Novice: 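Here it is: the structure, laid out below.
Keep in mind the model is a prediction, meaning the values are calculated, not measured.
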Amino acid sequence: MKWVKDRSGRFAKRPHYLPDELDAKCEATIDAFLKERYGAATFPISTDDLTILLEQNVDSLDLYAEPTDLGVDVEGVTDFYSSRKPTVKINKRLIEDSRFENRLRTTLTHELGHVLLHGFMFEGAVKSRSLFDVEEKAESNQCKRSAILTTSEGFACGAYLMPLAALTRAVQQFIHKSGFHGHQISLHTGAGTSLIDDVVTEFSVSRDAARVRLLQRGFLTEKPEIKGLF
Ligand SMILES: [Zn+2]
């Protein structure tokens, strides 16, 4: 982890995790949680378990937040406070409509990323309480659909749902099963599509989430397949 300038101006610096650090932290969280509950980490992690894991780390979790209270296109909100654990609100549309199951799973893990990766910055941040003891909200993160997968919390969300060791095993199984020969699987080939299919099934994620994660970790490449050069 390194410290970078905080663009919000609230802190002098904020932590910036490298991908390997994020992967290690996220994997440790999921491993510990699943082993504690079931004695072993198996995938996919259920949506109920994701909810329980998030609940364990926050002051309150509201799964039925009114979309109109959250703002246009906002799927989840994490609020940090000076004197208690954060609160998380999830747009109720995600839980009420089963077609949004994958979006619910990515939003839950995205907010978990906010809570576990940045929460420590707010612990005891404000030492003097105000005159009327009104609790101060230290920071609010409104997470829009477009940012759920692409931010650093988006990286974390992929790392919680598809921890690196388990993902690596899934890719190795795919290579073994498909007899793939080559340096790297191209996104734009049948093999690329089949690998995404396997990851979608194994980890119960959307095709988008699987593709982004496989590209980020270099298991897939955007480059076209090179054929017939030699
Ligand atoms: Zn966010």
Novice: Do any side-chain atoms of residues 165-172 form donor-acceptor pairs under 3.5 angstrom with protein atoms, and if so which ones, sequence neighbours left out?
Specialist:
residue	atom	partner	partner atom	Å
T168	OG1	L164	O	2.7

Novice: Can you check whether D197's main-chain N or O pairs, donor with acceptor, with T201's side chain at less than 3.5 Å?
Specialist: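 Yes; at least one donor-acceptor contact below 3.5 Å.
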Novice: Write down the atom of I185, the atom of T189, and the distance for their closest heavy-atom approach.
Specialist: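 Looks like CG2-OG1, 4.4 Å.
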Novice: Under 4.5 Å between any side-chain heavy atoms of F43 and L34, yes or no?
Specialist: yes
Novice: I'd like to check K92 versus P67 (side-chain heavy atoms, cut-off strictly below 4.5 Å). Are they in contact?
Specialist: yes
Novice: Is the shortest side-chain heavy-atom distance between N57 and T29 below 4.5 Å?
Specialist: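 In short, these two side chains do not touch, never coming nearer than 4.5 Å.
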Novice: Can you find a pair of side-chain heavy atoms, one from F174 and one from V199, that are under 4.5 Å apart?
Specialist: no
Novice: Could you walk me through whether L187 and I196 pass side-chain contact (heavy atoms from CB on, under 4.5 Å), step by step?
Specialist: CA-CA 9 Å; L187 177 62; I196 291 174; 3.8 Å; yes
Novice: So, applying side-chain hydrogen bond (donor to acceptor under 3.5 Å, both in side chains) with T78, which one of E111, H114, H110 is it?
Specialist: E111
Novice: I need the L63 CG to L104 CG distance, nearest 0.5 Å.
Specialist: 7.0 Å
Novice: How many angstroms lie between CD1 in I90 and CD1 in I95, if you round to the nearest 0.5 Å?
Specialist: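 That separation rounds to 8.5 Å.
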Novice: Testing the basics here: between D208 and R211, what is the closest heavy-atom pair and its distance to 0.1 Å?
Specialist: OD1-NH2, 2.9 Å
Novice: Taking all heavy atoms of A156 and all of L117, pick out the closest pair and write down the distance.
Specialist: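 The answer is CB-CD1, 3.7 Å.
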Novice: Specify the closest pair of heavy atoms between Q184 and G218, including all atoms of both residues, with the distance to one decimal.
Specialist: NE2-O, 2.7 Å
Novice: Looking at every non-hydrogen atom in both residues, tell me the closest pair between E75 and K144 and how far apart they are.
Specialist: CG-C, 4.3 Å
Novice: Working to the nearest 0.5 Å, report the span between CD of E222 and OG of S186.
Specialist: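 Taking CD in E222 and OG in S186, the distance rounds to 8.5 Å.
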Novice: Please determine whether residues L220 and F203 belong to a single hydrophobic cluster, defined as Ile, Leu, Val, Met, Phe, Trp and Tyr linked transitively by side-chain heavy-atom distances below 4.5 Å.
Specialist: yes
Novice: To the nearest 0.5 Å, what is the distance between CG (L112) and SG (C157)?
Specialist: 10.0 Å
Novice: Any side-chain heavy-atom pair from T87 and Y81 closer than 4.5 angstrom?
Specialist: yes
Novice: Output yes when D97 and R93 qualify as a salt bridge under the 4.0 Å nitrogen-oxygen rule, no when they do not.
Specialist: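 Here D97 does not pair with R93 in a salt bridge, since their nearest N and O are not under 4.0 Å apart.
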Novice: Is the shortest heavy-atom distance from the side chain of L94 to the side chain of Y64 under 4.5 Å?
Specialist: no
Novice: Let me confirm one number: the CG-OG1 distance from D198 to T193, rounded to the nearest 0.5 Å.
Specialist: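 The OG1 atom of T193 is 11.5 Å from CG of D198, to the nearest 0.5 Å.
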Novice: Would you kindly confirm whether M162 and L116 end up in one hydrophobic cluster when ILVMFWY residues are joined by side chain heavy atoms under 4.5 Å apart?
Specialist: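 Yes, because M162 and L116 connect within a single hydrophobic cluster, where side-chain heavy atoms sit under 4.5 Å apart.
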Novice: Once you round to the nearest 0.5 Å, how far does CZ of F100 lie from OG1 of T106?
Specialist: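 Between atom CZ of F100 and atom OG1 of T106 there are 11.5 Å.
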Novice: Going by an N to O cut-off under 4.0 Å, is there a salt bridge joining K89 and D69?
Specialist: no
Novice: Begin with the C-alpha distance, continue with both residues' side-chain angles, and end with the deciding distance and a verdict on side-chain contact (heavy atoms from CB on, under 4.5 Å) for N91 and V74.
Specialist: CA-CA 7 Å; N91 188 320; V74 173; 6.0 Å; no
Novice: Mind checking whether V205 and L54 sit in one hydrophobic cluster, side chains of I, L, V, M, F, W, Y counted as touching below 4.5 Å?
Specialist: yes
Novice: Counting distance only, does the side-chain N/O of S46 pair as donor-acceptor with the main-chain N or O of D49 below 3.5 Å?
Specialist: yes
Novice: Hydrophobic cluster membership, with links at side-chain heavy-atom distances under 4.5 Å among I/L/V/M/F/W/Y: are V72 and V77 in one?
Specialist: no
Novice: Would R217 and F219 count as a cation-pi pair here, with the cationic atom under 6.0 angstrom from the ring centre and within 45° of the axis?
Specialist: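 No cation-pi geometry.
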Novice: Quick one: does NZ or CZ of R213 land under 6.0 Å from the six-membered ring centre of F155, within 45 degrees of the ring axis?
Specialist: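 Cation-pi check for R213 and F155: passes.
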Novice: Look at the side chain of H188 and the backbone N and O of P224, then say whether any donor-acceptor pair between them is shorter than 3.5 Å.
Specialist: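 Between the backbone of P224 and the side chain of H188 there is no qualifying donor-acceptor contact (under 3.5 Å).
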Novice: Do R105 and L161 come within less than 4.5 Å of each other through their side chains, counting heavy atoms only?
Specialist: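 They are in contact (side-chain heavy atoms under 4.5 Å apart), so the answer is yes.
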Novice: Please answer whether the main-chain N or O of V88 pairs with a side-chain N or O of D79 as donor and acceptor at a distance below 3.5 Å.
Specialist: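 Here the side-chain-to-backbone pair does not exist.
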Novice: I148 and L61: same hydrophobic cluster, using ILVMFWY side-chain contacts below 4.5 Å?
Specialist: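 I148 does not cluster with L61.
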Novice: Looking only at heavy atoms, which two atoms of D23 and A159 are closest? And how far apart?
Specialist: OD1-CB, 3.4 Å
Novice: Working note: L195 + F180, criterion side-chain contact (heavy atoms from CB on, under 4.5 Å); need CA distance, chi angles, decisive distance, verdict.
Specialist: CA-CA 11 Å; L195 174 58; F180 176 81; over 6 Å; no
